[in-house]
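Heads up, the thing below is written out as C-alpha cells.
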2 protein chains.
Amino acid sequence: MAKATKKPTRREPGRSKAGKAGKRGGSASRAGTEVPDGPGGYDGDDRPSVVLAVDVVLFAVRDDELVVLLVERGREPHAGRWALPGAVVEPEETMRSATRRAVTGRTGIVEPFTRLEQLAVFDAPERDPRTRVVSATFLAVCARAVPPPGGALASGRWWPVGVVGTDDGPDLAFDHAGILTAAVGELRGRLERTDLATALVEVPFTLGDLRRAYEAAWDADLEPANFRRKVLSTPGFVEPTGANRAVGTGRPAELYDRGGDAVLRPPMLRPG
Amino acid sequence: MAKATKKPTRREPGRSKAGKAGKRGGSASRAGTEVPDGPGGYDGDDRPSVVLAVDVVLFAVRDDELVVLLVERGREPHAGRWALPGAVVEPEETMRSATRRAVTGRTGIVEPFTRLEQLAVFDAPERDPRTRVVSATFLAVCARAVPPPGGALASGRWWPVGVVGTDDGPDLAFDHAGILTAAVGELRGRLERTDLATALVEVPFTLGDLRRAYEAAWDADLEPANFRRKVLSTPGFVEPTGANRAVGTGRPAELYDRGGDAVLRPPMLRPG
DNA sequence: TGAATAGTGTCTTTCAGACAATATGGA
DNA sequence: TCCATATTGTCTGAAAGACACTATTCA
C-alpha cells in the first residue's frame, strides 16, 4: 500500500490507431503479437471464434455408491458410446442455461441438480474430430438419482463411478474419460473443504445420511463419532430442525437442513 | 461395483433421425430441448457460437508486496482504464497459446510466467457492451516482477493488489475487478494446499524467500520456525541444493529448488 | 431381550502456534 | 562485540483418530 502513483493517464500514443488497422480482415488480423483489448482482448470484430459447449458431470449417490449420469450416443462419431450430457452455448444464453438444457432435454428431470459449480475448460484442438469445440465443464450434484432418467426421453443412465474404466463399465466418447476423472477428483477435494456434500442428500437429512454420502464419494469409511464432531463444529454446515426420524431399527436420528455456505477450515481430511 | 449391467447397446430408436432434422437452419435449430451430441453437445454445425477469449491474472511479489500485471486501455469502451491482459482464442490455437500471446504481446517478456492454471469462465451476457464475449480466465504466477513491462511496447504495469479498489489504485475495465477478486482468493487458497508458491520465487531460493512470498500473498506474518517445519515435512515441496547463500547480515540460508508437484495434506493454514 | 443405529465421553496421537535457545554471518 | 537472520529444540493447545459406553427404537 505504498508506492502506487495517483491514477496515471498515459494513453500509449500511436497505438490505438495501429490497433484499428486491418480490422475485419479475417482471422489473421486478430492473431500475432498485436493484442486486442476489451474483455478477453476482444477487438470489435463480432465474428465468433470457436464453438463453445458445456458438459455436465452430474453426480448422485444411489445405494451407497457414487453414480454419474451419462447418455448413450446415437450418432457418429463414437455412436454407441457414452457421453456426458452437453449442449452448445448459444450466443444469447449463459452457460448455466445451457447446462440445464443439456440435462433436462435428455432426461426430463425438472430440477436436475441441487448445485452446479465450474470445473475446467477442455480445449485440445483434436478432441472433436469434426471441428474445434471448446468445452466448459461443470460439476453438478443432485440429491436423488431417481426419478431415473427414464420415460420416453430415456437415453440417459446412472453409472457407478467405480465401474467406469473396467470391463463392466461404459465406453466413454471423446475425451470424456479424462473429464470424468478430473471431476471425481474435484468432487472429492471439494467435499473436504466445502459443504458440497449437503447437496448430495435430500432435506431433511440425518448425519448418518450425510456421512454415507461422504463414504460413497470417497470410497472410504468414516468414524461416525468423529464425523459428527467435525460437522457440528463447523458453523453454517448444517442446521438442526429439532425433529427426529426413525427408520427401521435403531435409535431415531436428529434431522438437519442444509446450512449456509460453509467452508471447512481446516478441511475434513479424506482417509488414506 | 455391483449392479452394473454388461455394456448396454440400446440405440435410442427414432431419435437420431429427429436429431438431424432442421440442422443448419440457423441458431434456433440448436436451441430448445433437443440436445445435440458430441463433445459439449456439438451437432455438426461448424459455425462458431461465441467469441472465446482468455484473460490472464499474472501475479508476482515485488518488495514484499503482491502485485498484478495490468494494461492500460487506449480505446473505448473504458479507454484509460486498466484491464487484465487478454486475447481472443483463434480457431486453430489453444487457450494456453493465447495466454502467452496476451502477456508477451504487451510486455515483451519472453518467459512471461512460471506457472499457469485455470481459474474460471466469466460469461455474463453484458460484460462487454459490444458483443458476447466469454472469457476463460487464468491464474498465472511469475518469479520476477522485473524486467518491468517496459520498453517500447510498454502499456503494462505492475500494480500492488492492495491498492486496487482504493483512491490510489487503478480503475478496472469491464468486469475485471470481479475477476481479480476471484483470482486473489484462488491464489490464496491454492497457496494453502499446493506448491504454487515455489513459482513465485526465483530458483534457487531460501525458505525465507518462500516465506516472504506467502506473507506477501496472504498479507500476514508467519512464524519462521513453524513454516520451515511444514515445508520440509511435505514431500516434493522443495529440493535441497546443498548450497548456501549469504545476503547482507545474518546467518547464510540453505538454498532450495522447486520440488515436484506437491500437495499439502493437511494444508498450510493461513492465519486469521 | 437382543440387534441395530444414534449419540456421548474420553484417551491418545498428531500437528500447528508460540517462543526460547543456538548458529553464523556482517557491520 | 552487537545485530540480524537462519536453524533447532521444546512446550502447549487444538483437533483428529480410536474406541468404549450409553440411548432409543423395533423385532
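Below, chains carry the letters A, B, ... as their sequence lines are ordered, and counting in each starts from 1.
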Worksheet item: First and last nucleotide of DNA chain D touching chain B, 5' to 3', heavy-atom cut-off 4.0 Å?
Response: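 Under 4.0 Å from chain B, the extent on DNA chain D is dC3(D) to dG9(D).
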Would you mind checking if [Y] and [X] are paired as a salt bridge, meaning a charged N to carboxylate O distance below 4.0 Å?
{"X": "R212(B)", "Y": "D63(B)", "answer": "no"}
{"X": "R211(B)", "Y": "E215(B)", "answer": "yes"}
{"X": "E117(B)", "Y": "R115(B)", "answer": "yes"}
{"X": "E72(B)", "Y": "R157(B)", "answer": "no"}
{"X": "R190(A)", "Y": "E186(A)", "answer": "yes"}

May I have the distance from [X] (atom [atom1]) to [N] (atom [atom2]), rounded to whole angstrom?
{"X": "L232(A)", "N": "dA6(C)", "atom1": "CG", "atom2": "P", "value": "14 Å"}
{"X": "D209(A)", "N": "dA6(C)", "atom1": "CG", "atom2": "C1'", "value": "12 Å"}
{"X": "K230(B)", "N": "dT14(C)", "atom1": "NZ", "atom2": "C1'", "value": "11 Å"}
{"X": "R228(B)", "N": "dA16(C)", "atom1": "CZ", "atom2": "P", "value": "15 Å"}
{"X": "L222(B)", "N": "dA16(C)", "atom1": "CG", "atom2": "P", "value": "13 Å"}

Worksheet item: How would you label the contact of R245(B) with the nucleic acid (heavy atoms, under 4.0 Å): base, sugar-phosphate, or nothing?
Response: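 No contact.
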Discussion item. Among residues at least two apart in sequence or on other chains, which ones pass side chain to side chain contact (heavy atoms under 4.5 Å, CB included) with A120(A)?
Written reply: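 Scan of A120(A) (side chain to side chain contact (heavy atoms under 4.5 Å, CB included), adjacent residues dropped) gives F122(A), T137(A), Q118(B).
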Item to complete: Measure the acute angle between the ring planes of W218(A) and Y214(A), then classify it against the limits of 30° and 60° as parallel, tilted or perpendicular.
Response: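 Rings of W218(A) and Y214(A): perpendicular, over 60°.
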Worksheet item: Would you say the side-chain atoms of S135(A) and D55(A) include a donor-acceptor pair closer than 3.5 Å?
Response: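 Distance-only check passes for S135(A) and D55(A).
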Discussion item. Return the CZ to OG1 distance between R245(A) and T206(A), rounded to the nearest 0.5 Å.
Written reply: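 It comes to 6.0 Å.
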Fill in: Flag side-chain contact, heavy atom, 4.5 Å: V164(A) against P170(A)
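The answer is yes; the side chains approach within 4.5 Å.
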Fill in: DNA chain D-proximal residues of residues 188-199 of chain B, any heavy atom under 4.0 Å
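Hits under 4.0 Å, by residue number: none.
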Discussion item. One pair to check against salt bridge (charged side-chain N to carboxylate O under 4.0 Å, His left out): R258(B) and E239(B). What are the steps and the verdict?
Written reply: CA-CA 6 Å; R258(B) 295 175 189 133; E239(B) 208 67 52; over 6 Å; no
Table please: side-chain donor-acceptor pairs of residues 224-232 of chain A below 3.5 Å, with sequence neighbours left out.
unit_1, atom_1, unit_2, atom_2, d
N226(A), OD1, R229(A), NH2, 2.6
R228(A), NH2, E254(A), OE1, 3.3
K230(A), NZ, P266(A), O, 2.6

Item to complete: Please lay out, stage by stage, how V68(B) and L58(B) fare under the test side-chain contact (heavy atoms from CB on, under 4.5 Å).
Response: CA-CA 6 Å; V68(B) 62; L58(B) 177 56; 5.8 Å; no
Response to the item:
Protein-proximity profile, nucleotides 19-27 of chain C, B/S/- by nucleotide at the 4.0 Å heavy-atom cutoff, equals B---BBBS-
Worksheet item: Going by number, which of residues 258-272 of chain B have a non-hydrogen atom under 4.0 Å from DNA chain C?
Response: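 Those residues: none at all.
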Discussion item. Under 4.0 Å from OP1 or OP2 of dC15(C): is there any side-chain N or O of R229(B) that close?
Written reply: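 So the side-chain polar atoms of R229(B) never come under 4.0 Å of the phosphate oxygens OP1 or OP2 of dC15(C).
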